[in-house]
Amino acid sequence: MSDNYLPPEIVLEILHRLPVKSLVKFTSVCRAWNSLITDRTFISNHLNRTLIQASNGHKGSLFFQFFLERNLRWRDPPREYAYSLYSTSNQQTDNHFSFERLPLPSLFFSLDRCAMFVGTCNGLVCSDYYSPSSDSINILIWNPLLRKYVVVSKPIMTLNKHVYIRGFGLGFDSRNNDYKVAVLMQFVSRQHNDYLEVYSLVSRSWRSITISVPKFFLEIGCPPVFVNGAMHWAVCRKKDGSIQRSILSFDVTEETFGELTLPLQSNEESNTTTRLLVVEGGRWLAVVNRLRKGTGYLLHIWVMKEYGVTDSWTEILHCDPRRYRGRLEDVLALTSNGKGIMRCLDGAIVLVDPTKESMEPIGHQKVYAAYAGSYVESLVFINKEFDALSL
Amino acid sequence: MSSSVEAITVLSSDGDEFKITVSAAKLSKPLNWMLEDVCFSDDCDEVPTIEVNSKTLVKVIEYCEKHAPRANSGASDSDAEELKKWDIEFMKMDVKDILFHILMAANYLHMEGLYDLACQTAADLMKGMTVSQIRKIFHIKNDFSSEEQEQLRRQHPGCSFD
């Protein structure tokens, strides 16, 4: 040990701990480092390390699409204000919260309508864009940090006027090391059975899933959340004359459906709306209940601390939005330490600490709608060409 | 094993003698084996050699002595917090001169805590470095042609290469 040449296994250990941006930079150090960093095993080990840290409350972050114009319609041509994309970094130790602006792929501006983000998984984000001219769906899976994306081919089932709602989601099949997009379609006529198709990035093709979709109505405007290897949709069904709410799950590896029970309170109240909520780090499933009360409403946020265990639903925040200055309008996401990222009526984004009943503005002042997903840095797609349209 | 022994003497690769307490030496598996094998008979006069240079061994022993009480008895949250701060101060060192030696020593002595800490410190120092700084500290020769380098930049326009 007289010299200071590090053995390769130690170099590898250090590289596993570097952030994605540094690793991309260091692909140009030499050929050996380049092959090491772009190797599948390295990419997957680096990601697993980040995911473990994210589930322990470190390094997990959030992805946001902010809409900065009040009267934005989906029919409008895409403009910068519809694509304000950010990730967050939340350093627990110094309680610092910041947004980082993400660049957009140029492809988005060649579309005739806005693309909407519908899912996040392992540092990839999925956007869905419906083209009225060709009556088709275009789906993009994208690593915003590396600015590399893949355009997914069109689903088998064409969209037509009979389709009432379609729910998209992005998930990871850990057994086959495959990213999958699922499309759940419900039809205007309840005589048509609900229909599910799955796209596999490995096989680069769509497949219809033959098992029947359980009978539910999807809640509109509520993208699925990927937690614990499954996509989750907020759903409801009519039972004995009343509306019963629950969570429909689709296991991305096994390709099976399941159902999760909501916290007790949200089922008892009939004048409640329930939405799934994203938690930083992607470790938990959470719901936000909006309970109408008089002329206003109350917000209740619950977290399922142990996946699949109904008794583990824990209420972590309840508040009367009118008690906060600026009036809280919408809950966008939860941080890993239990704070709510919310939107006020005037469009300001604030961080609400329920234990102190305090709120502070974080970055944005005029946001009229938003998509949020849990996010981690990842090297997935590093081998793809920049801004390439094909695989 | 004699309970009367509280510290043992070890030799560095440079031949210098160092004292390390038994509880601190237990943080390293190989050191622990060494203790059990060699040094617990009262008439033992053999001094084991550790293949780590003196400058590095001083730091390794300092780390062990600081962490031993907590490793052996568990600690409160405030102790853990204090230890974290101490680790940060302890790791303020030159990369090439000493940190790489600490890394190799921690690896060789199977000291998980120190190895993890040193790897993270190295990563934190490296993330802000330029490509040429990295080549320099790792003694790496640039084997890319200028065309290949240009191509790499084009492939990753979102990232700074300087």
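To find a chain, count down the sequence lines: A is the first, B the second, and so on, and within it residues start at 1.
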Relative to chain A, which segment of [X] carries a heavy atom at a distance below 4.5 Å: side chain, backbone, both, or neither?
X	value
B/Gln149	side chain
B/Leu103	both
B/Asp116	both
B/Asn107	side chain

**Matching residue for A/Cys30 among B/Ile134, B/Asp143, B/Asn142, B/Val131 - test: side-chain contact (heavy atoms from CB on, under 4.5 Å)** = B/Asp143
Specify the closest pair of heavy atoms between [X] and [Y], including all atoms of both residues, with the distance to one decimal.
X	Y	value
A/Glu9	B/Tyr115	O-OH, 4.1 Å
B/Ala123	A/Arg17	CB-CB, 3.7 Å
B/Glu148	A/Arg31	OE1-NH2, 2.8 Å
A/Ile14	B/Ala122	CD1-CB, 3.8 Å
B/Gln155	A/Lys148	O-CE, 3.2 Å

**Fill in**
Contact list (residues 38-54 of chain A to chain B, heavy-atom gap under 4.5 Å, by number) returns A/Arg49
**Item:** Contacts of type side chain to side chain donor-acceptor pair (under 3.5 Å), residue A/Lys305, not counting sequence neighbours
**Value:** none
If you round to the nearest 0.5 Å, how far is [atom2] of [Y] from [atom1] of [X]?
X	Y	atom1	atom2	value
B/Met104	A/Leu6	CE	CG	5.5 Å
B/Arg153	A/Thr27	CZ	OG1	10.0 Å
B/Phe138	A/Phe26	CZ	CZ	8.5 Å
B/His156	A/Lys21	NE2	NZ	14.0 Å

**Message:** Please determine whether side-chain contact (heavy atoms from CB on, under 4.5 Å) holds for the pair A/Lys25 and B/Thr130, giving the CA-CA distance in whole Å, both sets of side-chain angles, and the decisive distance to 0.1 Å.
**Reply:** CA-CA 8 Å; A/Lys25 176 165 75 178; B/Thr130 64; 5.9 Å; no
**Request:** For B/Phe18, check ring pair (Phe, Tyr, Trp, His ring centres under 6.0 Å) against everything at least two apart and list the hits.
**Result:** none
**Asked** Which bit of A/Leu23 is near chain B, if near means a heavy-atom gap under 4.5 Å: side chain, backbone, both or neither?
**Response** neither
Extract all donor-acceptor atom pairs below 3.5 Å that involve side chains of residues 374-382 of chain A and protein atoms in other chains or at least two apart in sequence.
from, atom 1, to, atom 2, distance (Å)
A/Glu377, OE1, A/Val20, N, 2.8
A/Ser378, OG, A/Asn122, O, 2.9
A/Ser378, OG, A/Val380, N, 3.3

**Verdict with reasoning, A/Ile10 to B/Phe100, per side-chain contact (heavy atoms from CB on, under 4.5 Å)** = CA-CA 9 Å; A/Ile10 299 183; B/Phe100 281 3; over 6 Å; no
